[in-house]
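Down below is the structure, laid out as structure tokens.
In what follows, residues are counted from 1 in the order of the sequence shown.
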Amino acid sequence: MMMMRMVILVMGLFLWGSASQGLIVMAHIPPALYVFGDSLLDSGNNNFLLTLAKANYLPYGFNFQDGPTGRYTNGRTVADYIAENLKLPYAPPYLSIRESTSLTGLNYASGSCGILPETGTQFGECLNLNQQMGLFEITINTELKKKFSNNEFSNYLSKSIFIFSIGNNDYINNYLTDPTKRIKYSPQTFAQLLINSLAQQLERLYKLGGRKVIVFELGPIGCIPSITRKRKMQSNKCVEEINKMVQIFNQRLGVMLQNLTSSLKASHFILGRVHALGYDAIKNPKNYGLVDTSSGCCKSLLNGTSGCIPLQQPCKESTSHYFWDAFHLTETVCSLIANGCFTDSSICSPTINQLVQI
């Protein structure tokens with residue numbers, strides 16, 4: 001009986017339900033969703049670390065079914081929406097697991113951290129990308145391999161979906177705040193440093209068995225309130241110099257992912273083109289049902305340039321806000337990104353909907 005369950009899990013499940021006309025609807029479901037990144041995807045790992053970078057208090061989670069969980073938004077993250085679209089449970093934070101590992105995926109993302117090991121350490125502990133990949137490798141060797149035969153395990157990982165959103169903090173908490181880094185590295189050489197380190201970790205994931213990988217671009221960091229308000233920019237204005245730096249990384253990211261897909265057999269390394277989407281939503285908010293794209297919905301210190309003040313009531317219309325705090329997105333924008341990658345080939349090509357069929 002156990003073997004039958006494993007085979008069903010590995011080969012893909014089919015969800016049956018009645019359509020409005022009485023027809024049977026089938027949707028292919030991948031076996032698991034694995035999540036890596038920073039606070040845009042962290043679902044609670046930082047709750048278990050000694051760090052100032054936490055979101056386990058209200059008003060974070062204000063609109064989430066379980067309240068504050070460590071998600072740096074008012075509700076669901078991009079990873080949560082992708083899980084919902086895939087008909088999978090939300091990937092639980094790795095550090096929260098005390099018993100048997102979830103076979104439907106885990107979340108290794110950690111707020112304040114980045115690609116480089118030193119990024120975010122000024123706030124305390126966090127899981128940088130190398131550490132996240134190390135924990136995934138531990139998961140494989142100590143848990144997952146015990147639950148499958150060799151063939152089943154290989155199929156399980158090759159059919160699973162892996163998503164990454166990382167690199168934001170390497171600019172926000174590192175390059176842009178450390179003058180010595182800007183002396184040592186030009187924007188071009190720093191972007192290449194990040195790309196080289198990220199490529200090594202993605203190749204590591206491939207060797208471990210991952211085949212279907214989505215890596216999101218960095219968003220328009222020059223538009224986040226923590227930067228624009230410190231520079232006293234007018235509403236709806238961004239620091240374009242910073243956006244140009246980030247785009248150097250994004251352009252090289254796309255090339256790197258294409259090269260990996262070409263060189264690594266049966267791999268799909270997909271670029272999530274979210275920078276232009278996010279920038280357009282900030283500049284043309286009415287097209288996306290938004291009103292405020294320059295300030296956070298929650299109350300924050302230092303003229304709106306920090307995280308949320310604990311237990312303070314947020315704005316009433318969070319659905320019309322782009323930012324939840326001075327750094328992070330509302331669940332409205334998270335939904336926009338996730339749904340775009342799932343169905344819109346201009347955002348993700350192939351789309352996630354197409355990827356699960358491969």
Side-chain angles (χ1 to χ4, degrees), residues 38-40 52-55 59-60 62 72-74 111-112 114 119-120 122-123 167-183 185-188 190-191 217-250 274-334 336-337:
D38 53 30
S39 54
L40 293 179
L52 297 174
K54 292 181 184 289
Y60 292 108
F62 190 82
Y72 292 75
T73 182
N74 58 312
S112 81
T119 294
Q122 65 266 43
F123 303 108
N168 300 284
N169 291 322
D170 293 292
Y171 286 92
I172 298 170
N173 295 333
N174 192 336
Y175 190 70
L176 296 175
T177 57
D178 185 351
T180 62
K181 278 284 171 61
R182 296 196 298 278
I183 293 172
Y185 299 103
S186 69
Q188 291 76 16
F190 185 73
E217 291 178 333
L218 304 187
I221 292 173
C223 303
I224 63 176
S226 68
I227 289 177
T228 59
R229 285 178 168 263
K230 286 177 182 176
R231 301 203 183 190
K232 299 181 180 180
M233 306 291 291
Q234 294 180 354
S235 179
N236 210 36
K237 298 293 183 180
C238 303
V239 182
E240 299 300 348
E241 174 189 359
I242 294 176
N243 285 337
K244 289 178 181 178
M245 287 184 192
V246 168
Q247 281 290 64
I248 296 171
F249 173 88
N250 288 338
V274 296
H275 184 97
L277 175 65
Y279 188 80
D280 189 58
I282 289 171
K283 293 297 183 179
N284 302 288
K286 291 183 180 179
N287 295 344
Y288 301 86
L290 301 172
V291 176
D292 190 325
T293 59
S294 60
S295 60
C297 177
C298 74
K299 296 178 182 178
S300 57
L301 298 172
L302 305 174
N303 189 34
T305 61
S306 71
C308 298
I309 300 173
L311 305 179
Q312 293 291 304
Q313 191 76 11
C315 68
K316 293 182 179 180
E317 299 296 334
S318 62
T319 56
S320 65
H321 269 66
Y322 186 99
F323 295 104
W324 178 245
D325 60 14
F327 302 91
H328 303 102
L329 313 174
T330 59
E331 73 165 3
T332 298
V333 180
C334 291
L336 176 69
I337 292 170

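- In the displayed structure, Glu317 atom CD is contacted under 6.0 Å by at most 12 heavy atoms of other residues, nucleotides or ligands.
- Classification of the Tyr72-His328 ring pair by plane angle, with boundaries at 30° and 60°, yields tilted.
- Checked by atom type and distance alone, the side chain of Gln247 never pairs as donor or acceptor with a backbone atom of His275 at under 3.5 Å.
- Within the 3.5 Å criterion, the main-chain N or O of Gly222 finds a donor-acceptor partner in the side chain of Asn243.
- Between the side chain of Asn284 and the main chain of Asn287, no donor-acceptor pair closer than 3.5 Å is present.
- With sequence neighbours excluded, the residues forming a disulfide bond (SG atoms under 2.5 Å apart) with Cys308 are Cys298, listed by chain and number.
- Between the Thr330 side chain and the His321 main chain, a donor and an acceptor come within less than 3.5 Å of each other.
- Judged by distance alone, the side chains of Asn169 and Ser112 never bring a donor and an acceptor atom under 3.5 Å apart.
- More than 12 heavy atoms of other residues, nucleotides or ligands sit less than 6.0 Å from atom NZ of Lys181.
- Side chain of Asn74 to main chain of Pro59: no donor-acceptor pair is present (N/O by atom type, distance under 3.5 Å, no hydrogens or angles).
- Counting heavy atoms from C-beta outward, Thr332 and Tyr288 have side chains that stay 4.5 Å or more apart.
- Within the 3.5 Å criterion, the main-chain N or O of Arg229 finds no donor-acceptor partner in the side chain of Thr305.
- Partners of Thr293 according to the side-chain contact (heavy atoms from CB on, under 4.5 Å) rule, which considers only residues two or more places apart in sequence or in another chain, are Asn236, Ile282, Pro285, Leu290, Tyr322.
- Using a distance-only test at 3.5 Å, with no hydrogens or angles considered, a donor-acceptor pair links the side chain of Thr73 to the main chain of Leu329.
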